[in-house]
Every structure is written in structure tokens, then in C-alpha cells.
There are 2 protein chains.
Amino acid sequence: MSNSLRHMEGTIVDNQSEKISHRLEKIFTPAPLQVPGCPVRDVLDRIGDKWSILSVLHLGHSGKLRFNELLHRIDGISQRMLTVTLRGLERDGFVSRRIYAEVPPRVEYELTALGVSLLDQVLGLAVWAQDNMGDIITSRAAHANAAGFQNLP
Amino acid sequence: MSNSLRHMEGTIVDNQSEKISHRLEKIFTPAPLQVPGCPVRDVLDRIGDKWSILSVLHLGHSGKLRFNELLHRIDGISQRMLTVTLRGLERDGFVSRRIYAEVPPRVEYELTALGVSLLDQVLGLAVWAQDNMGDIITSRAAHANAAGFQNLP
DNA sequence: CTGGATCCTAAGAGATACTG
DNA sequence: CAGTATCTCTTAGGATCCAG
């Protein structure tokens, strides 16, 4: 069984390497990320803002959430930016918005199926960030030292 | 074999769903993406700029590249922003920079192992973007129409 | 409670010119 | 060739006030 596992891991790793070049080809075909109408650049610009990914992560973690709940959960976000971000996510179909005709008003936000599929990708990046932060910090420190030496008299 | 495949797919899907909540827990532990020192936010802010991910994709696709080669491949980037972006990627350990003492000078950039592992995650997002752009466009159009109706007299 | 409307600024990004 | 140095300019984002 450990042999079979080792074999499977090898296969997975190979598939992974294969997948990288294969997926690169897919992304670079037919136009290599040219600006007019490139989906990759469009989506990346869209979710590359300061709060979209964070909002998706929080909605994924907590499920259905009200405006004020999100406001308090997302550390540092302002009222205005939460509104702007949610409108954008709703517009692109990642988040659904349900208004209840009550007083005081209640509005609940939730990830759509499309939003969950985005969450799945974003989680890959988030976990990667957490796992590799150590290396990044190390590299930054080394580079800061190198820069420091250059500034010495 | 098709039975076994179907079984495997079921397992993969279940693992995937499992993985989402599991990875969410990992990300939200111990602090739920709080701003001081959160790796996820740090990395996301870092690669969330306009050119970093694009540069990583191009370097992954073409392998070793010179400054001017990158400049011409990355559609729309300016000389200055390419320099700034490459310095950032190098500083964080995603890209290596090798200078050849020749005339005219030659400098080659290449993804490090850490850069390749980032590329792997970014590719997930990129392919997802390409695959789901249709749905996003549809949602945007629908939302534009809805807004249009609200503006009618 | 949920946000819309305004005003304001700090950072990101483009253009251009110059250098080892 | 591979940058650096300025100089603007645009815009994302924050603060505040107001309204349904």
C-alpha cells in the first residue's frame, strides 16, 4: 500500500507539472494575455482590489451574512467600501443580495454557485500564502540586508 | 474501469467540498484575517497589483526572459512599472535576476521554485477566469439591464 | 439598519528624458 | 540594453454627513 501510495504521489506530481504547461498553453491561446478582452486580465483586475477576495472568504466562512455583520468581520473595511465591493461582487454574479421588507431593514448576502467556485480558487491562493509566508519573509529580510550594505559608506 | 473512475470522481468531489471548509478553517485560524500580520492579506495585497501576476504568468510561459523581452510580451506595461514589478517579485523571492557582465548588458529573469509554486496557484485562478468569463459577462449584462430599467422615466 | 452622496487624499501608474 | 529620475495625473479608497 505504501508502494501504491508512492506510485500515486509520483503520478500526481507528474500530472501537476504537466498541468502547469498545459494550463499555460490554455491561458496563452489564442492571444497571450493581450489587453482588449482578455478574460484573465479582466477578472484579475476585478478581484485584485483591496476587499473583494476578503469579502468572498468571509462569506464562504460564515455563510449568509448581513451588511453590519460583514462590516464588523472584515477588519478595516469602511462602510462605503463594503457597499462598493458588494455591488461589484453582485454585479459579476459572485454574491446574491436578498432584501427583507422589515423595519429595521435587513439585507443578507451569500455566495452564489459561481461565487463558491471562485472561493475554491481563492482558497488555493490563501492557503498557499499562509504556507509560504515564512519563505517570503526570509527573502524580504535578506534583500533588505543586501540593500543596506549597498548604502554603507 | 469506468466504475472505478466514477468512484474516484465522487471521492475527488467529496474531498473538494471537504477541502473548502477545511481550508477555510485553516485560513481563519487563529485570527480571522485580522490586519496586523495576516499572511493572506499581505500576499494578496502584494500580488494584487496590476502587473505582478501577469509577469509571473509570462515568465512561467516563456522561461528565462530578458528585460526587453518581458517589456514587449506584457501588453501595455511601461518600462518603469516593469522595473518596479520585477524588483518587488525579486524581493519576495518569486523571481531570480542574473546579470551578465557583457556589452551591451544582459539581464535575465526567471521564476524561482517559490515563484513556480505561486504560478501553480495563479494558474488555477487564470484558468478559472477563462472558463467562467461567460457567466460573468452574462451577469454583468443582466445587471446593466436592471439598472437601465430603474433609470427609465 | 442599510446604504447613497460628497469631499478629499495618498498611492498607483503613465510619459518623458537621461545614464552606465 | 537595462535601467533611474522626475513629473504629472488618475483613481482607489477613507471620512463624514445624510436619508429611506
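Quick note on labels: first sequence line is chain A, next is B, and so on, each numbered from 1.
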How are the rings of B/Phe28 and A/His61 set to each other: parallel, tilted or perpendicular (split at 30° and 60°)?
parallel
Could you tell me the separation between the CE atom of A/Met81 and the C1' atom of C/dT2, rounded to a whole number of Å?
17 Å
Under 4.0 Å between any heavy atoms, over every strand shown, what does B/Tyr100 touch: base, sugar-phosphate, or nothing? Just pick one.
nothing
For A/Ser62, the option from A/Glu69, A/Arg73, A/Glu110 that meets side chain to side chain donor-acceptor pair (under 3.5 Å):
A/Arg73
Mind checking side-chain contact (heavy atoms from CB on, under 4.5 Å) for B/Glu108 and listing every partner two or more places apart, or none if nothing turns up?
B/Lys64, B/Arg66, B/Tyr100, B/Arg106
Among C/dC1, D/dA2, C/dG14, which nucleotide has an atom closest to any side-chain atom of A/Asn68?
C/dC1
A/Glu90 has an atom CD; how far is it from atom P of C/dT2, in whole Å?
15 Å
Would you indicate which nucleotide in D/dG3, C/dG14, C/dT2 comes nearest to any side-chain atom of B/Thr83?
D/dG3
Looking at A/Asp135 and A/Arg140, is there a salt bridge between them, counting it only when a charged N and a carboxylate O are closer than 4.0 Å?
no
A/Leu71 atom CG is separated from C/dG3 atom P, nearest whole Å, by 11 Å
Starting at atom CG of B/Leu82, determine the distance to atom C1' of D/dT4, rounded to an integer number of angstrom.
14 Å
Closest to side chain of A/Phe67, choosing from C/dA13, D/dG13, C/dT2
C/dT2
Quickly work out the A/Arg80 CZ to D/dA19 C1' distance and round it to whole Å.
18 Å
Would a distance-only check, ignoring hydrogens and angles, find a side-chain to backbone donor-acceptor pair under 3.5 Å from A/Asp75 to B/Val35?
yes
Atom CD1 of A/Ile77 to atom C1' of D/dA15: distance rounded to whole Å?
15 Å
It should be established whether A/Arg66 places a side-chain nitrogen or oxygen under 4.0 Å from OP1 or OP2 of nucleotide C/dC1.
no
In whole Å, what is the span from the CG atom of A/Asp45 to the C1' atom of C/dG12?
13 Å
DNA chain D: 5'-proximal contact among A/Lys50 and B/Glu69 (nearest heavy atom)
B/Glu69
Among C/dG14, D/dG13, C/dC1, the one nearest A/Asp49 by side-chain distance
D/dG13
Let's see if you can work this out: which of D/dC17, D/dG14, C/dA13 has an atom nearest to the side-chain heavy atoms of A/Gln79?
D/dC17
For D/dG3 and B/Arg97 - does any side-chain N or O of the residue sit under 4.0 Å from the phosphate oxygens OP1/OP2?
yes
Looking for any heavy atom pair under 4.0 Å, which part of the strands does A/Glu102 touch: base, sugar-phosphate only, or nothing?
nothing
Want to settle it: does B/Gly48 or A/Leu86 sit nearer the 5' end of DNA chain C, counting the closest nucleotide to each?
A/Leu86
Interatomic distance where OH belongs to A/Tyr109 and C1' belongs to C/dT2 [whole Å]:
7 Å
